[in-house]
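What follows is one structure encoded as structure tokens, with my remarks underneath.
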Number of protein chains: 2
Amino acid sequence: MRHYDPRAWPPVAVTVDLVVLTIRDSALSVLLVGRGEPPYQGRLALPGGFVRPGETLPQAAARELAEETSLDPGLVHLEQLASYGDPGRDPRMRVVTVAYLGLAPGLPEPVAGTDAAAARWQAVDKISKRPSLLAFDHAAILSDGVERARSKLEYTPLAAAFCPAEFTIAQLRRVYEIVWDTKLDPRNFHRKATTTPGFVVDAGASTAGERGRPARLYRKGSAAVLHPPMLRAGAS
Amino acid sequence: MRHYDPRAWPPVAVTVDLVVLTIRDSALSVLLVGRGEPPYQGRLALPGGFVRPGETLPQAAARELAEETSLDPGLVHLEQLASYGDPGRDPRMRVVTVAYLGLAPGLPEPVAGTDAAAARWQAVDKISKRPSLLAFDHAAILSDGVERARSKLEYTPLAAAFCPAEFTIAQLRRVYEIVWDTKLDPRNFHRKATTTPGFVVDAGASTAGERGRPARLYRKGSAAVLHPPMLRAGAS
DNA sequence: CCAAAAGTGTTCTTACTACACCCATGG
DNA sequence: CCATGGGTGTAGTAAGAACACTTTTGG
């Protein structure tokens with residue numbers, strides 16, 4: 001704050017970028033937009049854009065989500081992920097981006113029109129195999145977002161953010177199995193999810209019309225953290 | 001990326017701010033500098049400053065740490081904490097700051113001279129009782145940094161970052177007791193710390209010249225995460 | 001010898017794992 | 001009645017909590 005006059009700040013732009021994850025067709029997927037102009041024309045990119053003068057960072061993230069996506073921002077859990085500011089990450093100028101992580105329930109394809117026209121869900125593992133499909137340093141940001149989502153499932157009830165408002169324990173278990181890429185014992189998972197305080201609350205109703213015994217429906221509980229946490233397999 | 005020409009970016013400055021924590025006189029303490037000029041003249045602030053054109057964010061954080069502090073940056077564990085960018089958080093202009101968390105071993109007072117002249121350690125609990133002692137939104141940033149440090153002690157060997165290169169298990173336990181503000185059973189803690197793989201490694205030597213039986217010295221182990229984690233009391 | 005701090009052993013209880021088993025529905 | 005998935009019971013095991021007890025120093 002001493003060597004630089006505030007009226008002589010170095011030229012920097014600040015953006016927000018969004019890693020919005022959901023589960024589609026039994027695969028963890030991320031919302032991407034196609035880039036119509038250079039740089040990185042034709043590549044895919046995380047949705048995002050400049051922070052506007054009057055808005056906070058979370059407001060900018062929610063606005064970009066609404067603009068570039070048909071998702072209802074009320075259904076998407078948004079939290080700050082990290083910031084990325086290497087010089088040269090954008091060839092046009094110095095850009096520092098604040099990345100947000102969004103977790104969304106399974107939803108229909110983003111509708112065309114507005115900025116959301118180019119937005120599409122892509123399976124994360126396809127992108128991970130070819131990081132160069134993504135523009136800028138977005139592959140690294142995506143990787144950090146997926147890692148954050150994986151660890152958050154352990155100690156928070158956020159898995160429910162991937163489910164509709166009312167869901168079965170089996171749906172919740174499939175979220176864990178897909179995000180963690182593991183198999184979980186359905187019986188032990190059921191007990192764990194229903195007995196961990198504040199994880200899920202009984203919604204009263206049950207499913208019907210499907211194969212097998214109907215399943216009770218639950219809603220997300222009120223706990224902010226899970227005690228005890230859900231455990232990933234392999235933690236000997 | 002569509003509504004704004006990159007050459008017409010909104011006027012924003014990007015800074016880094018540092019929450020550097022250590023343990024002094026059995027109290028968790030944070031490194032603060034006195035502000036000599038308005039705004040917030042006379043208040044305390046986190047060390048920090050503008051990100052310069054050619055440098056990365058971690059480089060900017062390390063540079064500010066060296067400039068405003070006499071600490072050896074090699075001894076301080078630095079990691080990104082979060083970003084803060086509410087409009088109005090700095091009355092002069094729009095400033096988005098990327099906060100870094102630093103954990104330092106107990107060290108002598110920052111020496112005078114250079115920018116570090118005004119740097120002083122302050123007990124965190126004194127600041128927490130009077131958040132208005134801090135300039136800008138630095139009380140909120142400090143609070144987030146302390147919370148991050150508390151939770152990182154659970155599942156990483158970072159408590160060792162508060163200790164000298166060689167330390168006793170009792171020193172390590174005092175770190176936990178001070179940061180978590182709890183009492184831990186010395187006997188169970190000893191067993192846990194020495195048996196958790198990769199947490200500490202025997203340094204061979206022992207203490208001498210103090211009351212009681214000499215203690216073996218340990219170094220920080222190579223594990224990145226602790227399996228099983230250290231547990232805070234109260235997690236029923 | 002006594003105080004103080006380091007370090008070990010033992011018991012109790014909690015919580016995870018694995019898997020046998022029963023329940024409720026569609027076809 | 002059988003296939004399919006939902007849900008419960010139980011035994012074995014790993015790990016945390018509490019605390020008795022031994023070890024090794026300084027005074």
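Labels below follow one simple rule: chain letters A, B, ... track the order of the sequence lines, proteins then strands, and each chain is numbered from 1.
Atom CZ of A:R211 and atom P of D:dC1 are 22 Å apart (whole Å). Put simply, CG on B:N188 is 11 Å from C1' on C:dG9, counting in whole angstrom units. Taking atom CG on B:D185 and atom C1' on C:dA6, their separation rounds to 13 Å, with Å as the unit. Atom P of nucleotide D:dG7 and atom CZ of A:R191 are separated by 13 Å, given to the nearest angstrom. If you measure from atom CD of B:E210 to atom P of D:dT24, you get 18 Å, rounded to the nearest angstrom. Between the NZ atom of B:K192 and the P atom of C:dT8 there is a distance of 17 Å, given to the nearest Å.
In terms of position along DNA chain D, the nucleotide closest to A:G212 lies nearer the 5' end than the nucleotide closest to the other residue of the pair A:T194 and A:G212. Residue-to-nucleotide proximity on DNA chain C shows that, of A:R187 and B:A215, the 5′-proximal contact is made by B:A215. Of the two residues contacting DNA chain D, namely A:Q171 and B:G209, the nearest-nucleotide position lying further toward the 5' end is that of A:Q171.
Residue B:R216 is classed as a sugar-phosphate contact, given heavy-atom separations below 4.0 Å to backbone atoms only.
Shown here for B:T97 and B:I141, the closest heavy-atom pair between the two residues is CG2-CD1, 4.1 Å. Pairing each heavy atom of B:L46 with each of B:D17, the nearest pair is O-OD1, 4.0 Å.
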Quick test: give all pairs of protein nitrogen or oxygen and nucleotides 11-13 of chain D nitrogen or oxygen below 3.5 Å, distance rounded to 0.1 Å.
none

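Neither side chain, B:T22 nor B:S29, offers a donor N or O lying under 3.5 Å from an acceptor on the other.
Ring-plane geometry between B:Y176 and B:W180 is classed as perpendicular, the angle between the planes exceeding 60 degrees on a 0 to 90 degree scale with a lower cut at 30.
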